[in-house]
Amino acid sequence: MDALGRKNRRLVLQLVLGGILMFGFGFALVPLYDVFCRITGLNGKITNTGPIAAEEADTSRDIRVQFIGINNEAMPWEFRPTLNTVSVNPGEMRQMAYFARNPTSARMVAQAIPSVTPAEAAQYLHKVSCFCFDQQALDADEDMEMPLLFVIDKKLPADIHTITLSYTLFDITPRLSTGQIIKDDTQRSTL
Amino acid sequence: MIKRVWLLPWIGLFLSLPAKAAWEVNITPGATAISREVYDLHMIIFWICVAIGVVVFGVMFWSIFHHRKSRGAEARNFHENTAVEILWTLIPFVILIAMAIPATATLIKMYDNTDSDIDIQVTGYQWKWRYQYLGQDIDFFSSLSTPREQINNEAAKGENYLLEVDNPLVLPVGQKVRFLFTAADVIHSWWVPDLAVKKDAIPGFINESWAIPEEPGIYRGQCTELCGRDHGFMPIVVEVKSQADFDLWLADTRNAAQAQAAAASEEWTLEQLMERGEQVYNTSCAACHQATGQGIPGAFPALVGSPMVTTDIDAHINIVLHGKAGTAMQAFGAQLNAVDLAAVITYERNAWGNDTGDSVSPQRITELQQ
Amino acid sequence: MDTTLSVDSTEHGHGPAKGLGRWFFTTNHKDIGTLYLWFSLLMFLTGGCMALMIRAELFQPGLQLVQPEFFNQMTTMHGLIMVFGAVMPAFVGLANWMIPIMVGAPDMALPRMNNWSFWILPFAFSLMLSTLFMEGGGPNFGWTFYAPLSTTYAPPSVTFFIFAVHMMGFSSIMGAINIIATILNMRAPGMTMMKLPLFVWTWLITAFLLIAVMPVLAGVVTMMLMDIHFGTSFFNAAGGGDPVLFQHVFWFFGHPEVYIMILPAFGIVSEIIPTFARKKLFGYASMVYATSSIALLSFLVWAHHMFTVGLPLAGELFFMYATMLIAVPTGVKVFNWVATMFHGSMTFETPMLFALAFVVLFTIGGFSGLMLAIAPADFQYHDTYFVVAHFHYVLVPGAIFSIMAGAYYWLPKWTGHMLNERLGKAHFWLSFIGVNVTFFPMHFLGLAGMPRRIPDYALQFADFNAVASVGAFIFGLSQLLFVYNIISCIRGGERATDQVWEGSHGLEWTLPSPAPYHTFTQPPVIK
Amino acid sequence: MSDPKKNGLFKAALSALAAMFGVQSERNRQEDFSSGSPLRYLLTGVLMVALFVVGVILLVRLALMLAGG
């Protein structure tokens, strides 16, 4: 292995290592993206703070909070907010609920995904407890009101007067049962 | 003079092109202050590019003509002059900065959060739009109303071919309308050039935009993000009406919704269901199952003589109401009212030789949906 | 195919093997370059036929020839085959042929890997093309394959599409490693980095870009694979994923990719214009520095492809400013070519014609790119035919014309015969007219409001679509002239001198024409 | 003569700036290529690009502040 061969070998190893690192970087973009979203509130990702110390409300400002319920394509549940809009003061803890009903004849499990607009407001909307934190299961013909407790941070930028909080309901029943191989169609929920 | 002769055929060609044909070449100034501002931005940057182009290509073509070997040009020996290079880099920088200022101003105006008079949730479905007027419980689907025959060239194309819908989105003039975009399946994009609004509708997320239409009229747009088979067949029609007409329309739509709810409790004969069913079938089902009910082999099942449609009624209702996960068959229960569902199921059970003679009543549908 | 068979008497080495074995087992950079170029031409014609299918359907309003889902497959495959099958392999082919003889190296640094990185491509593309015949059809989600259309709603053949993209990525990375090793380690003594021809410099930067971004593309398709089959939800909102994340990772690869497709073109044009202007390249140092800064700056601007996805205001402003700022150093390189021509003494053989058309038409594409950088205006342009016109102007008269210019410029050196000049000019003028008649009306269609990737359109777009379709067939069919000209040049024609062109400069022209099978076995003396 | 290490870094930074601006003289280029390992230029280049990113972010903040954001 003459000098040129060794030089080539070293360079090629460095380049291959660089390629592998960039492959890893491609996957590292996923957590990096999450952190980036938390900071800038891109795409309405919301911080789930958990219990927050109750501070007195700043009554000088009224923020209009709109609620929206969306069914993802194959989701047959009835799903809507009990109230369309609510006027809230920043710093005030507020309770709200979404109504959900499973009209089908089989047990189903759903996952709600939140999103906020305008994106700049996402980091100032703290959800103390929310039905989107965990999966919601409903038996046939069962319905329930799913609670949501939220606070709007007082540091909300002055120019934001309306915040729209939307929940998209996804059916994750087939995903859960992918564990057991489904032999024929009828075993699946009569969806 | 002889050298110019070969230009004549080209000029002739361009002059002869039919004048009446629609030769639209530019974006529309549109019907809102923002869309006019975008139009001005577009024209400024366009003319800047034309100016730079004329200068650069001018020098180039001049040099191509004058410094040709066949004209005895001798190549000079300069190949570096950083002063000139710095100059021709600084000038575009300055022009771009000049462009960035108005562009930033317009962009900041576009992200204005002031309160809106009317909020509309726009949800993209695979191949139709759904409009919900928040707080006024008006909720309807808007799908392409161009007949299939026109698309398959069996009939002459109408004036608004592929840009016409059955239920347009109606807005009041002069009011700030705030759009909330989301999607139920794949990414779509809602674009109306006259309002200069284009925002992606992403499943699981909500985006917002706004517009204040200043003149009543009909503004058309299309979905601009590839969303599958009929991406080119889900147009957008926005009808801006005066405040009075808009209030009238609001009242009519609410009454129509109640009337439909009431109609669900009346008795419908087989003929009435069949006639209504055919209409609903051609709007919502013919796209996949074809008007003849033959479907597309390997892609969409045929309905003619299929057991699903001729035997067990409940299974038939169930698949129309809840769709079939993992296939393109959507849950139409959320998209059509009880009367339309009953009508289309009855039509499918009795059309194209399937005459099972069953007729499904709207009451049966509402009962199943309870 | 005995392009380089002539065994030079002073050459003691053995000539190429006989028969097919020569092409399967070759480790010779000239043969592998030829394989890449033939493969690229084949893919260019395949992708071109798909483009003609698209334009034939769009000739008139109404669905005449194809159903929408097949139309979507055609647009997707046209994009993928042209980007990964025609443009990139052509540049790698030109690099394989020219870099060793430009830097005075006997062959590429890793000849066996060079063979393997070519022979992956035919298998990758037959896998990709076979998806068209699979149940549920081929990929129909656009060459940018956005989720969830490409994951949850994709046809079952999407998995083969993913593996095909993996294979293309491996081939490009290995090619890039080979080129970097050759340029950095195998230069003849005296051929310092300062004397490298610009084609070698641009390819060095392109190779680093390839190694940086092709793994990210492999990463994104692997994430898709895991989403589709292994129940993860990178891009599936139901499981906490985010379809916009896909767009960010894809375009993080996507924008450097478009520089990968244009920097070698800068290199080729910077070789050709000085030759036919008989004048040294103006501002060689500026060109080297500007292209090297692109290697890093091109990573900062990816989200100008996503202005309408709902970025926050600060994000839109950042990407608008960054895009405008880095557009200038690359845009002004056009002035360097004009300055090279200025006060030169020019002749206009076919390579020069293609290079001049590149300069003019690529600049038009650059201007429409500048207009697209203005975020508020982009709300009207995004995903319309204005964008289609923009990237076709920078890719067809940009990358493709520079590849053709390179072929016309170097074929006499490869085959020892001159190309038929009359045929070359006919091919040029037909292509020039075809490209402009096809793509210039698309600017108007996009501005008038016609979205991208639609199989049928409203009546107000009918006339310009008809003109574009006619132009497409002119451009498409004129490529047969190119194929005929190449084959006739290989088989015979007027003998080419060693110098070939009067103004040619550089180490490759010191070799005899046709270049012997093994060159520079003893490193040349570089004054 | 000042210590070559220090002015080396400064010269590399200057060259990186010239590269981003897109204009460089032949004389500087020969100087750059004849001195030091390319690694120093590479790292300075990456550093300058990072500064460029921070610069544009500040520019955005300034634009938002000016517009009363």
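In this text, all values refer to a predicted model and were calculated from it rather than measured experimentally. Below, chain A is the first sequence line, B the second, and so on; all start at residue 1.
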**Student:** Under a 4.5 Å heavy-atom cutoff, which of C:G283, C:S292, C:P329 has the most pairs with chain D?
**Tutor:** C:P329
**Student:** Which atom names give the shortest non-hydrogen contact between C:H304 and C:F319, and what distance separates them?
**Tutor:** N-CB, 4.4 Å
**Student:** Between C:L325 and chain D, with a heavy-atom cut-off of 4.5 Å, which part of the residue counts as in contact: side chain, backbone, both or neither?
**Tutor:**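 For C:L325, side-chain heavy atoms alone lie under 4.5 Å from chain D.
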**Student:** Side chain of C:K279, backbone of C:A339: donor and acceptor closer than 3.5 Å?
**Tutor:**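 Yes.
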**Student:** Identify which part of D:S25 has an atom lying under 4.5 Å from any heavy atom of chain C, answering side chain, backbone, both or neither.
**Tutor:**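 For D:S25, the contact with chain C is made by the backbone alone.
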**Student:** Between C:Y289 and C:W201, do the side chains contain a donor N or O and an acceptor N or O under 3.5 Å apart?
**Tutor:** no
**Student:** side-chain contact (heavy atoms from CB on, under 4.5 Å) for C:M214 and C:E257? Distances and angles first, verdict last.
**Tutor:** CA-CA 8 Å; C:M214 289 313 270; C:E257 165 70 14; 4.1 Å; yes
**Student:** For chain D, find which of C:A295, C:A322, C:S293 contributes the most heavy-atom pairs closer than 4.5 angstrom.
**Tutor:**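 Answer, by heavy-atom pair count under 4.5 Å with chain D: C:S293.
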**Student:** Can you tell me how the ring of C:H255 sits relative to the ring of C:Y259, calling it parallel under 30°, perpendicular over 60° and tilted otherwise?
**Tutor:** perpendicular
**Student:** Looking only at heavy atoms and a cut-off of under 4.5 Å, which of D:N28, D:I57, D:V46, D:V56 has the most pairs with chain C?
**Tutor:** D:V56
**Student:** Out of C:N336, C:L313, C:T330, C:L297, which one racks up the most heavy-atom pairs below 4.5 Å with chain D?
**Tutor:** C:L297
